[in-house]
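First the structure, in the form of structure tokens, and then the observations on it.
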Amino acid sequence: MKRKEPYYSMVRGLSVITLSVLSFFSSCTDLIPDDLDALGDDVMITTTEFSPYLGRKTSYENVVSVSNKSTLPLNFKILGARTAEGVLAPEIMEKYPVKIWTGTYTGKETSLEEIEGKRKVEYRSLLEIQEKSGDIVFWDAGDASFIKTLPSEGYLFDVEIANTGGRRYVRNLILKPRRERDYEPSQYDDILGIAKNSYLRPSILYNVFGEKTGMPTSDVRIFIFENTENTSPGNTLTISALDSLGQAIDMRKFKDSEFGHLVHGFNHRFENGKVIYDVAYPMPLINYPTRYTNPSGDKARLNLKYNRLGKGGFLREAFVMFDFAIFREGHWELQIRFNGETPNFENEQ
């Protein structure tokens, strides 16, 4: 009988060789890298110094320059927040409660509940970078009691830019916050915090004549202040006026004013000659033109109007207009003082 061992040995050998070859090609396939994204060295952050106001949300958009050498999307991250002296600055990356819009503000909301239903509180770092766009956001939190402000040299931070092709760093970006100013326009210097004047002026003063001289009134002063003694819940804005003797002028004398839409506030009522609104801050709520703002949408517009018959029976339409913004919650009052001469609200004989 012939022995079959050599044949079986040959078959086993071929099988081993075949498995080895397949294993080799399989391992080679594993060694072939996937396609990697490209990350060009010309991806830049074009704004290198940021000076936002404390207490205001400030967005820096389109600060990233990307060429066609880099594969999108890119991922951005802030690293190494530190003082200008190189000391770690945890206060910059600390989480603070801020209000985030979850719905679209239109300016047509008819109640505080409707407005607040479009916002929620989240905890965010004072300084953030949008992960995909690279837009930098400075949130409306913190104050000058623990955040370094100008004229201090402020802070430095780095930004990591990455995709699957690698990562690179933009280093030593500068953050020099300005101290908070609770309202605009403001008479306070934004670096030293010293008042340059004690009052503001109207944006427009039109056809306002004095009751004694019959001459145009020009010395009109505006004061914005917070009523810190009011501890009731919620936020309000009070509009008031004083005559040349410091006596209250009944706001209803500005009879052509649209008191229901004077500001984007609710439940307006007259108390002691003043008109009071329940409001949401900041005012305006966002930078967007509505019936309550100036054309650019960055300021609320107050327009107090009245008319009377002047000499010769001609109708005189008069108004005091003031564009303003208030950034901090509270019970605020905007007071108009006719310092030179009290306006004439009566018809002339």
Side-chain angles (χ1 to χ4, degrees), residues 52-59 96-101 105 107 109 111-112 115-116 118-119 121 138-144 177-190 193 195-204 220-241 251 257-259 261-269 274-304 320-337:
Y53 283 96
L54 289 175
R56 308 181 192 181
K57 180 187 174 184
T58 306
S59 297
Y96 302 92
V98 295
K99 287 188 175 180
I100 306 294
W101 287 97
Y105 173 75
E109 291 78 5
S111 69
L112 285 177
I115 289 175
E116 295 303 340
K118 296 182 177 183
R119 303 197 290 183
V121 174
F138 192 84
W139 286 97
D140 48 339
D143 60 63
R178 298 176 184 271
R179 66 175 57 243
E180 57 268 41
R181 294 205 300 192
D182 293 330
Y183 54 84
E184 293 288 352
S186 175
Q187 67 271 43
Y188 291 95
D189 181 85
D190 59 2
K196 302 175 183 177
N197 208 332
S198 60
Y199 56 84
L200 305 166
R201 292 290 191 184
S203 304
I204 302 177
V220 178
R221 304 177 181 185
I222 294 179
F223 298 80
I224 302 176
F225 53 90
E226 184 182 7
N227 181 0
T228 55
E229 295 181 358
N230 187 344
T231 58
S232 58
N235 302 288
T236 59
L237 177 65
T238 299
I239 312 296
S240 63
M251 292 302 299
S257 304
E258 298 181 65
F259 286 108
H261 300 285
L262 198 60
V263 296
H264 198 183
F266 309 96
N267 187 32
H268 79 277
R269 60 267 189 198
K274 304 177 180 182
V275 59
I276 305 171
Y277 296 84
D278 296 326
V279 299
Y281 288 113
M283 182 179 288
L285 284 162
I286 62 173
N287 191 337
Y288 178 74
T290 70
R291 67 180 300 174
Y292 304 103
T293 71
N294 61 4
S296 64
D298 65 337
K299 299 279 196 311
R301 170 160 288 180
L302 179 72
N303 195 2
L304 295 171
V320 181
M321 183 182 293
F322 183 60
D323 293 348
F324 69 99
I326 298 176
F327 300 98
R328 185 163 57 80
E329 293 185 337
H331 298 283
W332 290 88
E333 183 165 341
L334 193 157
Q335 187 178 84
I336 302 168
R337 299 183 188 178

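Positions are given from 1, in the same order as the sequence printed here.
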Can you tell me how far apart [atom1] ([X]) and [atom2] ([Y]) are? Round to the nearest 0.5 Å.
X	Y	atom1	atom2	value
Leu334	Phe223	CG	CZ	11.0 Å
Lys57	Trp139	NZ	CH2	4.0 Å
Ile326	Ser186	CD1	OG	11.5 Å
Asp190	Arg179	CG	CZ	9.5 Å
Glu229	Thr231	CD	OG1	9.5 Å

With the side chain counted from C-beta on, respond yes when [X] and [Y] share a heavy-atom pair under 4.5 Å apart, and no when they do not.
X	Y	value
Ile115	Phe266	yes
Tyr292	His261	yes
Lys99	Glu116	yes
Tyr188	Asp182	no
Phe327	Asp140	no
Ile239	Phe322	no
Asp298	Thr293	no
Tyr183	Trp332	yes

For residues [X] and [Y], report the shortest heavy-atom separation together with the two atoms involved.
X	Y	answer
Ser232	His331	O-NE2, 2.8 Å
Thr236	Asp278	CG2-OD1, 3.6 Å
Leu302	Ile336	CD2-CD1, 4.4 Å
Pro284	Ala300	CD-N, 3.5 Å
Arg119	Ala280	NH2-CB, 3.8 Å
Asn303	Met321	ND2-CE, 3.8 Å

For Pro202, check side chain to side chain contact (heavy atoms under 4.5 Å, CB included) against everything at least two apart and list the hits.
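Pro202: side chain to side chain contact (heavy atoms under 4.5 Å, CB included) contacts with Val220, Ile222, Val320.
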Tell me whether the rings of Tyr105 and His264 are parallel (<30°), tilted (30 to 60°) or perpendicular (>60°).
tilted
I'd like to check the ring pair (Phe, Tyr, Trp, His ring centres under 6.0 Å) partners of Phe259; sequence neighbours left out, ordered by chain and number.
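Ring pair (Phe, Tyr, Trp, His ring centres under 6.0 Å) check on Phe259 returns Phe270.
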Can a donor-acceptor pair be found, under 3.5 Å and without considering hydrogens, that links the side chain of [X] to the backbone of [Y]?
X	Y	answer
Asn235	Gly330	yes
Glu180	Ala144	yes
Tyr277	Arg269	no
Ser203	Asp323	yes

Step-by-step side-chain contact (heavy atoms from CB on, under 4.5 Å) determination, Met251 to Leu304
CA-CA 9 Å; Met251 292 302 299; Leu304 295 171; 3.7 Å; yes
Are there over 12 heavy-atom neighbours, none belonging to Tyr288, within less than 6.0 Å of that residue's OH?
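At most 12 heavy atoms, drawn from other residues, nucleotides or ligands, come within 6.0 Å of this atom.
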Only counting residues at least two apart or in another chain, list the ones meeting salt bridge (Lys or Arg N to Asp or Glu O under 4.0 Å) with [X].
X	answer
Glu226	Arg328
Glu184	Arg56, Arg181
Asp189	none
Lys274	Glu333

Show your working on side-chain contact (heavy atoms from CB on, under 4.5 Å) between Thr238 and Asn227 and close with a plain yes or no.
CA-CA 10 Å; Thr238 299; Asn227 181 0; over 6 Å; no
Run the side-chain contact (heavy atoms from CB on, under 4.5 Å) check on Gln187 and Tyr199 step by step: do they pass?
CA-CA 7 Å; Gln187 67 271 43; Tyr199 56 84; 5.9 Å; no
